[in-house]
Amino acid sequence: MDPESRSERAAVATEAGTETVLLRVPADPDYLAVIRSASAHVATKFGFTLPEVSDLRLAVDEAGGLLLRHTVPQRPTGGAADLECRFVLEPSVLRVFLSLQAQDVAKPADDDFGWTILSALVDDIRWRAEGPTVQVEILKRRSAGR
């Protein structure tokens with residue numbers, strides 16, 4: 001994609017009040033630190049307080065860990081599976097989508113320790129498995145007055 005069309009797409013997203021940040025790393029727990037770091041930067045840009053940034057950072061890390069622990073990533077021929085993290089910044093809500101292609105999936109139980117912690121850190125959490133794509137969606141609202 002040429003840089004001009006990318007800039008036009010970013011401008012359209014910004015005009016509509018929504019920005020998207022996409023990050024793709026190998027589906028390996030060692031790379032969760034990259035996603036954690038990105039989540040802190042995005043949350044800071046979004047205007048979250050320091051405790052909210054810490055909560056989101058921990059939630060994104062736990063969601064990524066749950067996704068990797070409860071799936072067997074589908075490895076493309078001759079390559080490694082990717083974990084995709086999409087941050088969608090709306091006027092008052094930050095949505096984080098972590099997803100990967102998997103060949104085997106076991107949804108975490110509602111009373112799973114990690115799921116319980118994750119639920120306490122964010123406003124909403126959803127686990128979806130559609131075909132080979134498994135996704136965890138995190139929703140965090142901006143505090144009133146910002």
Side-chain angles (χ1 to χ4, degrees), residues 1-14 16-91 93-142:
M1 172 181 282
D2 70 48
E4 281 185 29
S5 63
R6 185 176 304 143
S7 296
E8 288 172 20
R9 190 177 67 202
V12 169
T14 302
T18 301
E19 292 183 45
T20 300
V21 176
L22 176 64
L23 182 62
R24 186 174 291 132
V25 298
D28 181 309
D30 291 341
Y31 287 94
L32 288 177
V34 175
I35 294 175
R36 259 194 330 266
S37 179
S39 68
H41 288 285
V42 169
T44 300
K45 179 187 181 337
F46 194 63
F48 281 153
T49 64
L50 197 51
E52 290 170 328
V53 170
S54 295
D55 285 352
L56 183 71
R57 191 170 182 260
L58 181 58
V60 167
D61 184 59
E62 187 58 40
L66 281 170
L67 195 57
L68 293 175
R69 284 190 304 274
H70 289 275
T71 62
V72 175
Q74 188 174 33
R75 305 209 183 273
T77 307
D82 287 334
L83 174 61
E84 182 178 290
C85 183
R86 181 179 308 269
F87 300 92
V88 179
L89 292 80
E90 298 172 1
V93 173
L94 174 59
R95 295 177 193 276
V96 183
F97 300 90
L98 290 124
S99 61
L100 57 77
Q101 301 294 307
Q103 58 190 13
D104 193 20
V105 180
K107 182 181 188 264
D110 289 339
D111 62 350
D112 180 284
F113 181 72
W115 193 262
T116 303
I117 294 296
L118 190 50
S119 297
L121 295 170
V122 298
D123 294 307
D124 196 15
I125 175 108
R126 293 189 181 116
W127 177 281
R128 288 188 198 95
E130 295 177 8
T133 303
V134 182
Q135 181 182 76
V136 177
E137 177 185 355
I138 295 170
L139 182 134
K140 184 86 171 153
R141 287 182 179 82
R142 190 184 320 224

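Scope of the values below: all heavy atoms of this structure, side chains included, with no hydrogens, waters or symmetry mates.
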Measuring from [X]:[atom1] to [Y]:[atom2], what's the distance to the nearest 0.5 Å?
| X | Y | atom1 | atom2 | answer |
| --- | --- | --- | --- | --- |
| Leu94 | Leu56 | CG | CG | 5.5 Å |
| Glu62 | Asp112 | CD | CG | 7.5 Å |
| Asp124 | Ile138 | CG | CD1 | 10.5 Å |
| Cys85 | Leu23 | SG | CG | 6.0 Å |
| Ser39 | Phe48 | OG | CZ | 10.5 Å |
| Arg95 | Thr18 | CZ | OG1 | 9.5 Å |

How close do [X] and [Y] get, heavy atom to heavy atom, and via which atoms?
| X | Y | result |
| --- | --- | --- |
| Ala59 | Leu121 | N-CD1, 3.8 Å |
| Thr71 | Ala102 | CB-CB, 3.9 Å |
| Leu89 | Phe46 | CD2-CD1, 3.6 Å |
| Ala109 | Trp115 | O-CB, 3.8 Å |

(message) Asp61: which residues meet the salt bridge (Lys or Arg N to Asp or Glu O under 4.0 Å) condition with it, sequence neighbours left out?
(response) Arg36
(request) Taking side chain to side chain contact (heavy atoms under 4.5 Å, CB included) as the test, write out the residues that go with Ala40, two or more places apart. (result) Val53, Arg57
(message) Applying side chain to side chain contact (heavy atoms under 4.5 Å, CB included), can you list everything that pairs with Gln135, at least two apart in sequence or on another chain?
(response) Phe97, Ser99, Arg128
(request) Start with the C-alpha distance between Leu139 and Val93, add both sets of side-chain angles, then the distance that settles side-chain contact (heavy atoms from CB on, under 4.5 Å), and finish with yes or no. (result) CA-CA 7 Å; Leu139 182 134; Val93 173; 3.6 Å; yes
(message) Less than 4.0 angstrom from a charged side-chain N to a carboxylate O is my criterion; do Arg142 and Glu90 meet it?
(response) no
(message) Would you say NZ of Lys107 has more than 12 non-hydrogen atoms from neighbouring residues, nucleotides or ligands within 6.0 angstrom?
(response) yes
Close side-chain approach of [X] and [Y], heavy atoms under 4.5 Å:
| X | Y | answer |
| --- | --- | --- |
| Leu32 | Val60 | no |
| Arg86 | Val21 | no |
| Val25 | Asp82 | no |
| His70 | Trp127 | yes |

(request) Before giving the answer on side-chain contact (heavy atoms from CB on, under 4.5 Å), spell out for Leu68 and Asp28 the whole-Å C-alpha distance, their side-chain angles and the decisive distance to 0.1 Å. (result) CA-CA 7 Å; Leu68 293 175; Asp28 181 309; 5.9 Å; no
(request) Would you please say whether a donor-acceptor pair under 3.5 Å links the side chains of Thr49 and Glu52? (result) yes
(message) For Val105, run the side-chain contact (heavy atoms from CB on, under 4.5 Å) check against Leu67, Thr133, Val134 and tell me which one passes.
(response) Val134
(message) Under the criterion side-chain contact (heavy atoms from CB on, under 4.5 Å), I'd like the reasoning laid out for Leu98 against Leu66: C-alpha separation, chi angles, the key distance, then a yes or no.
(response) CA-CA 10 Å; Leu98 290 124; Leu66 281 170; over 6 Å; no
(message) side-chain contact (heavy atoms from CB on, under 4.5 Å) for Leu83 and Tyr31? Distances and angles first, verdict last.
(response) CA-CA 9 Å; Leu83 174 61; Tyr31 287 94; over 6 Å; no
(message) So does Arg141 get a backbone contact from the side chain of Asp123, meaning a donor-acceptor N/O pair under 3.5 Å?
(response) yes
